[in-house]
Undergrad: 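Please see the structure below; I have some questions.
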Number of protein chains: 2
Amino acid sequence: MIIRQLNEANNSTRRVVSPDGNWESTRLLLKEDKMGFSFHITTIYKGADFRMHYQNHLESVYCMSGTGEIVNLEDNTVHPIQEGTLYILDKHDRHILRAHTEMKMACVFNPPLNGNEVHNKEGAYELA
Amino acid sequence: MIIRQLNEANNSTRRVVSPDGNWESTRLLLKEDKMGFSFHITTIYKGADFRMHYQNHLESVYCMSGTGEIVNLEDNTVHPIQEGTLYILDKHDRHILRAHTEMKMACVFNPPLNGNEVHNKEGAYELA
């Protein structure tokens, strides 16, 4: 059993702040934990509006607080996000995320991140 | 892309209430979604105090609200749970979960649940 606390992890290298000022993410569970997925608490800053495309990963994102929207660039549909919304990127979907207020998200990645990834120009994480 | 809302899922067969009165869980993402994990929002009722042993699954549990504690029966250590605590059952650890107040948890299972599981006498989920 492993126990981790978000407030402690926030003061460690587990917390990553995006260079573009859109988000920060604290990786509470990583590849090295050998669970087959990684788990991150991510804050999307108010006003964020950015494009992503996880070409190498499947991801689910659960909104714990805040409001915003996601644009599915595969079919140009727009979906509101609020507390209780889960969006599932099961097809490596290209998407735009917008935060109307600060949003707190619980994110799961498969395969798990190793913790050193940053978004590339496509808004993707490279595989290790 | 799949979008699901907790309040809608709560009014469907995705919501499972434990026969023992300790918890309820809404499975927002299941095996059929082919993500390699399942994702559930679980409420542990105030005063719950019960034993579990996931012999067939790895699980991580993130506390979004409430307080309680987990007893690791492998080494008899007790760990407080509060908002921001993640516990990771990486060794199929036998454990006791206690809720001092109602706790809201975000749970990830690998392999993913198919949605029909209930706890057996060991507090485990059988594989499909």
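Keep in mind that this is a model prediction, so the values were computed, not measured.
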Undergrad: Please give me the minimum heavy-atom distance between A/T67 and A/T101, naming the atom from each residue.
TA: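 So the minimum-distance heavy-atom pair works out to N-OG1, 2.9 Å.
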
Undergrad: Based on non-hydrogen pairs under 4.5 Å, which of B/D33, B/T26, B/I70 is most in contact with chain A?
TA: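 Winner by heavy-atom pair count: B/I70.
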
Undergrad: Using non-hydrogen atoms and a 4.5 Å limit, figure out which bit of B/Y87 sits close to chain A: side chain, backbone, both or neither.
TA: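 B/Y87 touches chain A through backbone and side-chain heavy atoms alike.
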
Undergrad: So how far is it from A/E32 CD to A/S38 OG, rounded to the nearest 0.5 Å?
TA: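 If we round to the nearest 0.5 Å, A/E32:CD and A/S38:OG are 10.5 Å apart.
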
Undergrad: Considering all heavy atoms of both residues, which atom of A/L30 and which atom of A/L113 are nearest to each other, and what is their separation?
TA: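 For A/L30 versus A/L113, the nearest heavy atoms are CD2-O, 3.2 Å.
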
Undergrad: Taking every heavy-atom pair that is under 4.5 Å apart, which of B/H79, B/K34, B/K91 has the most such pairs with chain A?
TA: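 The residue among B/H79, B/K34, B/K91 with the greatest pair count is B/H79.
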
Undergrad: Tell me which of these, B/D90, B/L89, B/D93, B/L86, has more heavy-atom pairs under 4.5 Å with chain A than the rest.
TA: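 Most heavy-atom pairs under 4.5 Å with chain A: B/L86.
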
Undergrad: Side chain, backbone, both or neither: which part of A/E59 has an atom under 4.5 Å from a heavy atom of chain B?
TA: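 Just the backbone, heavy atoms under 4.5 Å.
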
Undergrad: Below 4.5 Å from any heavy atom of chain B, which atoms of A/M1 appear? Answer side chain, backbone, both or neither.
TA: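 Both the backbone and the side chain of A/M1 come within 4.5 Å of chain B.
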
Undergrad: At a 4.5 Å cut-off on heavy atoms, which part of B/M35 comes close to chain A: side chain, backbone, both, or neither?
TA: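 B/M35 touches chain A through backbone and side-chain heavy atoms alike.
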
Undergrad: So do the side chains of A/Y54 and A/H95 get within less than 4.5 Å of each other, counting heavy atoms only?
TA: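 Yes - at least one pair of side-chain heavy atoms lies under 4.5 Å apart.
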
Undergrad: Strictly under 6.0 Å, is that where the ring centroids of B/F39 and A/Y62 end up?
TA: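 Between B/F39 and A/Y62, the centre distance is under 6.0 Å.
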
Undergrad: Between chain B and each of A/N110, A/V108, A/L58, count heavy-atom pairs under 4.5 Å; write down the option with the most.
TA: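 Sorted descending by pairs with chain B, the first entry is A/V108.
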
Undergrad: Show, in sequence, the C-alpha distance, side-chain angles and deciding distance for A/T13 and A/V16, and conclude whether the side chain to side chain contact (heavy atoms under 4.5 Å, CB included) test is met.
TA: CA-CA 7 Å; A/T13 56; A/V16 175; over 6 Å; no

Undergrad: For chain B, which candidate among A/V61, A/I41, A/L28, A/I88 shows the most heavy-atom pairs at distances under 4.5 Å?
TA: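 Most heavy-atom pairs under 4.5 Å with chain B: A/I88.
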
Undergrad: If you count heavy-atom pairs within less than 4.5 Å of chain B, which of A/N72, A/T77, A/D75, A/N7 leads?
TA: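 Highest number of heavy-atom pairs under 4.5 Å: A/N72.
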
Undergrad: Provide the closest heavy-atom pair for A/R98 versus A/M103 in the form atom of the first, atom of the second, distance.
TA: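 Shortest heavy-atom separation between A/R98 and A/M103 comes out as O-CE, 3.7 Å.
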
Undergrad: Heavy atoms only, distances under 4.5 angstrom: which of A/G36, A/S60, A/A9, A/A106 has the most pairs with chain B? Name it, please.
TA: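 The candidate making the most pairs under 4.5 Å is A/S60.
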
Undergrad: Show the nearest heavy-atom pair for residues B/C63 and B/I81, with the distance to one decimal.
TA: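 Here B/C63 and B/I81 meet closest at CB-CG2, 3.7 Å.
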
